K.L.:
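Before I ask anything, let me first share the structure, which is written out below as structure tokens.
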Amino acid sequence: MRARDAGRPRAAATLAGLALGVVLAAGAAPRAAAAPVALPPATRATLKNGLTVVILPSSRLPLVDFRLVAGAGSVHDPAGKEGLAALTASLLTQGAGGRDARAIADTIAFVGGTLEAEASAEQLVVTAEVLRKDFALGLELLRDVVARPAFPAAEVERRRDEAVGAIAAERDDLWDLADRSLLPFLYGASPLGHPALGWEASVAALTREDVVAFHDRRVRPDNAVLVVVGDVEPKAALEAVGRAFADWKRGRGPAPAPYPPARREGARAVRVVSRPEITQSQIRLACPAVPRGHPDEFPIRVANAILGGGFTSRLVNTIRVERGLTYRIRSAFTMHRGAGAFTISTFTRNATLRACVDGILEVVGTLVRDGPTEAELDKARRFLTGQFPLGLQAPDALAEQLADAEFYGLGPGWIAGFDAGVNAVTLDDVRRALKSYVCVDDLRLLVVAPPDSARAALAGLGPLEVVEAP
Amino acid sequence: MSPRAVAALLALPLLVPPAPAPAAAAKRPKPAVAAPAAAPAFSAASLKVQRHVLDNGMVVLLAEDHSVPTVTLWQWFKVGSRNERPGITGISHYFEHMMFNGSRNVPPKEYDRILESAGGYSNAFTDRDMTAYYEDIAADRLDVPLFLDSDRMASLSLAPASLASEIEVVKEERRMATDNDVYGLLDEHLWATAFLASPYRWPVVGWMGDLERITREDCVAYFRTYYAPNNCILVLAGDFRPDSALARIRAAFGAIPRQDPPAEPPDSEPEPLGERRVEVHFAAESPAFMVGYRSPAAREADFAALEVLDRVLAGGESSRLHQALVYERGLALEVTTAFQPMLGPGLIQFWVPLRPGAAADEALAAFDAELERLAGAGPTDAELEKARNLIEADFVKSLKTNNGLGQALGFHEHVYGDWRAMFDRVARARAVTAEDCRRVARAVFDARRRTVATLVPAPAASAEAVR
């Protein structure tokens, strides 16, 4: 089943729970009272140029996955150049190491492999997946696109035009449009306040010089981690990686200053993104929350599972199962290095917009006020610990977990310690997490909806503004 | 909108229980790899699969793999929207939802609570040919899904209150994935236009009017016929002992009585006599089109060559259509296909979202030129080999997890009647020649056997009046 019409998952949203490793929706973690996760030992080294390398062997299938993560995401886009990180990432595979775009695409496809590069809020990620016999080729291509990109002028122009088109396409997808519109509403002028793709006007003005400078400054070995998972012999693989990246030069100049955490505003605000023609309204409720590695990370994960993870959370139970108001609802804590957000995402038909928002506020308010039951806490712990190992089976998924543990400085024991972290969470911890990080009175409510009916439906919830799709 | 595979994935011998070392993992034979390039990367001998048939007709596939201490339990019911009739379209998918809403010993809401309390997770999907359910759970808790799933197969409640509430959820799903989504709208119009009589013509989610019309009596009859054990393939993949697992499966499901086998749905589809076109006017910024050509059923001889052609045309950035429409002409944002093995003749479907301002007719002409070129001269040797390698690698990648392995087994057991067909597909693709490709391209990519659905972007302001 290769396309989206192949089936209709009961809740596709929850399947995406681990998408970036920083979104803590449902489906993130292992099992209470059973064996904790134990991985075979990883080989970890830092090359002379500062590149951190982690290698984990596994031989069930003849596959090798590479994942290189550089601290070069859209938070590093200079003001007015929003979209630069994403454009830079998309250009890495469009000419590098003596191959042009076509040759790179042909070479990796010929061996049935994949080679992809993209930027998110904080990470520029390059991945390659090849059969074991093609290890050397996969490593060579990965090295070339990361360390030796050519950025041909014609490709820069082409990719920039494509990015402008992709922004328009993102506006045509209502779920994406809501997520895209939420960022400036939630983060304001923070570096997190724009989508990775950028804005049309800023992208249209990007030049090859911008791209070259961004790559030169940020895609550097001392600002990156490379994880290799698969059917490899660790010592030989490490040597091969060391040889491949030996010429990659360390960055010059100081590390950039971290951006300030986003603050909660203290009062509720409502924004309507105008789409007069649609029959179903997109809804987001959000507020700034905490960064990755926060001391309350495990209580927050458990609290989120109880509120809006899995099929038995409070939100799913009330809004979907009991009231039939939506097909998909979830809550999530997105955690970046310097800041984070709490978000509830759903949709409903236009006529039930207010009923849906009121229902959510009621569920959230009740849980924050009264806390969960012991049974809910127990279920959430078992669910989180039961799901965690499932997300570590595939080599690419495991590579992502390992890379994130490095990127966010979670420590080598993070994966092995997940069960203990979850199981140590008490009822008091969850109550504290709910009261501290789940917003009620000061949340931002964003809807994508026909403006006239939405304005009427949302009256009284807070100061309301209507805007065009950004 | 890139293709989103429904499932697939996983499993490495990485999650090792700390106490007892996984002796079985160490004993597994190494897959043949460093061998000559022509040798398959992975073969049927790499898997330990048993096939059993219970007395009530339920097929049981057991795929033993001790790499990780988890199991996936799949159930494939041989029913999809092709088994419906006008007036109750969407009932198969509605059932997919109702299977979680209560049975004799599992009250409403308890299914997921019991499963998640045991650390498990469940999901399901419906397609034209099938409805499939799975649970992922720790290996030592296999009895939990066996209890839940046998109880609902034996005694689904279909309580009126649950039916009434769940149909609203389904309608929201339809509004999300079809009524307010350009891909969903074009997809629905394409299939409904491409077929006149085939039960493939209506959407899996069902027409909105029919969703209002389905009665509890329809559901009861549907359940009895299609959710019988003799209409089900159960697949267990992961960490278990086959003898013990089979005994427990038999204890859970063995007493559920078989039913008369369902009748094959009629397919009176006539041969198409000319190209069909359909327009969809919808508020959007970018134009797009979708093209569907009649494709052979999975078991027909030409299917393998069409799988190769699919990769040559749209298998990634180096494919012909991407190069022509995205890279060289700058008309499209991407070109992807939806094409999979089906029980009956279906469609190979191309999705071409365009850049804002691009002309759909110009893009369609460029698309046509590529298909004509391929049908005329066939693929190059390098393209042919690349396509075969992609098919093989995609297959290996689909087995990364217990879930993916179980999905591959169940899908092929249902659609091909034999799980081993998943290896045959790779072998058949390897045997496809350039001449096969030319012949099949000429037969399939015939403009008189195709349907084109075009999205005409409507400005938002006027759209409000229209809708």
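First the proteins, then the strands, lettered A, B, ... as listed; each starts at 1. Just so you know, these numbers come straight off a predicted model, no measurement behind them.
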K.L.:
At a 4.5 Å cut-off on heavy atoms, which part of A:Thr348 comes close to chain B: side chain, backbone, both, or neither?
P.N.:
both

K.L.:
From A:Ile278 CD1 over to B:Asp181 CG, what is the distance, rounded to the nearest 0.5 angstrom?
P.N.:
12.0 Å

K.L.:
Salt bridge (Lys or Arg N to Asp or Glu O under 4.0 Å) with B:Lys109: which residues, sequence neighbours excluded?
P.N.:
A:Glu322

K.L.:
Is any side-chain heavy atom of B:Arg174 closer than 4.5 Å to one of A:Gln280?
P.N.:
no

K.L.:
I'd like to know if the side chain of A:Thr279 reaches the main chain of B:Asp179, judged simply by a donor and an acceptor atom lying under 3.5 Å from each other, with no hydrogens or angles considered.
P.N.:
no

K.L.:
So, for B:Asn402 and A:Gln393, which heavy atoms are closest and what is the spacing to 0.1 Å?
P.N.:
N-OE1, 3.4 Å

K.L.:
Any side-chain to backbone donor/acceptor pair from B:Asn389 onto A:Gly112? Under 3.5 Å, distance only.
P.N.:
no

K.L.:
Looking at side-chain heavy atoms only, is the closest gap between B:Glu168 and A:Arg349 below 4.5 Å?
P.N.:
yes

K.L.:
Does any part of the side chain of B:Ser165, heavy atoms only, come nearer than 4.5 Å to the side chain of A:Val321, both counted from C-beta?
P.N.:
no

K.L.:
Should the pair A:Arg320-B:Glu166 be classified as a salt bridge under the 4.0 Å nitrogen-to-oxygen rule?
P.N.:
yes

K.L.:
What distance separates A:Ile108 CD1 from B:Glu317 CD, expressed to the nearest 0.5 Å?
P.N.:
11.5 Å

K.L.:
Hey, can you tell me if A:Phe311 and B:Tyr121 have their rings parallel, tilted or perpendicular (30° and 60° cut-offs)?
P.N.:
parallel

K.L.:
Any side-chain heavy atom of A:Glu277 sitting closer than 4.5 Å to one from B:Asn180?
P.N.:
no

K.L.:
Testing the basics here: between B:Glu172 and A:Leu325, what is the closest heavy-atom pair and its distance to 0.1 Å?
P.N.:
CG-O, 3.6 Å

K.L.:
With a 4.5 angstrom heavy-atom cut-off, which part of B:Arg175 approaches chain A: side chain, backbone, both or neither?
P.N.:
both

K.L.:
Shortest non-hydrogen contact from B:Leu333 to A:Ala169?
P.N.:
CD1-CB, 3.7 Å

K.L.:
What part of A:Ala397 gets within 4.5 angstrom of chain B, counting heavy atoms only: side chain, backbone, both, or neither?
P.N.:
neither

K.L.:
Counting only N and O atoms by type, is there a donor-acceptor contact under 3.5 Å from the side chain of A:Asp172 to the main-chain atoms of B:Ser286?
P.N.:
yes

K.L.:
To the closest 0.5 Å, what do you measure between CG (B:Leu405) and CZ (A:Arg60)?
P.N.:
6.0 Å

K.L.:
Are A:Leu63 and B:Val396 packed together at the side-chain level, in the sense that at least one heavy-atom pair is separated by less than 4.5 angstrom?
P.N.:
yes

K.L.:
Does any heavy atom of chain B fall under 4.5 Å from the side chain of A:Val111, the backbone, both, or neither of them?
P.N.:
backbone

K.L.:
For residues A:Arg158 and B:Tyr327, determine if any side-chain heavy atom of one lies less than 4.5 Å from a side-chain heavy atom of the other.
P.N.:
yes

K.L.:
Within this structure, what is the NZ-CD1 distance for the pair A:Lys379 and B:Ile114, rounded to the nearest 0.5 Å?
P.N.:
12.0 Å

K.L.:
For the OG1 atom of A:Thr107 and the NZ atom of B:Lys386, what is their distance to the nearest 0.5 Å?
P.N.:
9.5 Å

K.L.:
Once rounded to the nearest 0.5 Å, what's the spacing between atom NZ of B:Lys397 and atom CD of A:Glu129?
P.N.:
4.5 Å

K.L.:
Check each atom of B:Val170 against the heavy atoms of chain A and say whether the ones under 4.5 Å are side chain, backbone, both or neither.
P.N.:
neither

K.L.:
Strictly below 4.0 Å, N to O, side chains only: are B:Glu116 and A:Arg381 in salt-bridge contact?
P.N.:
no

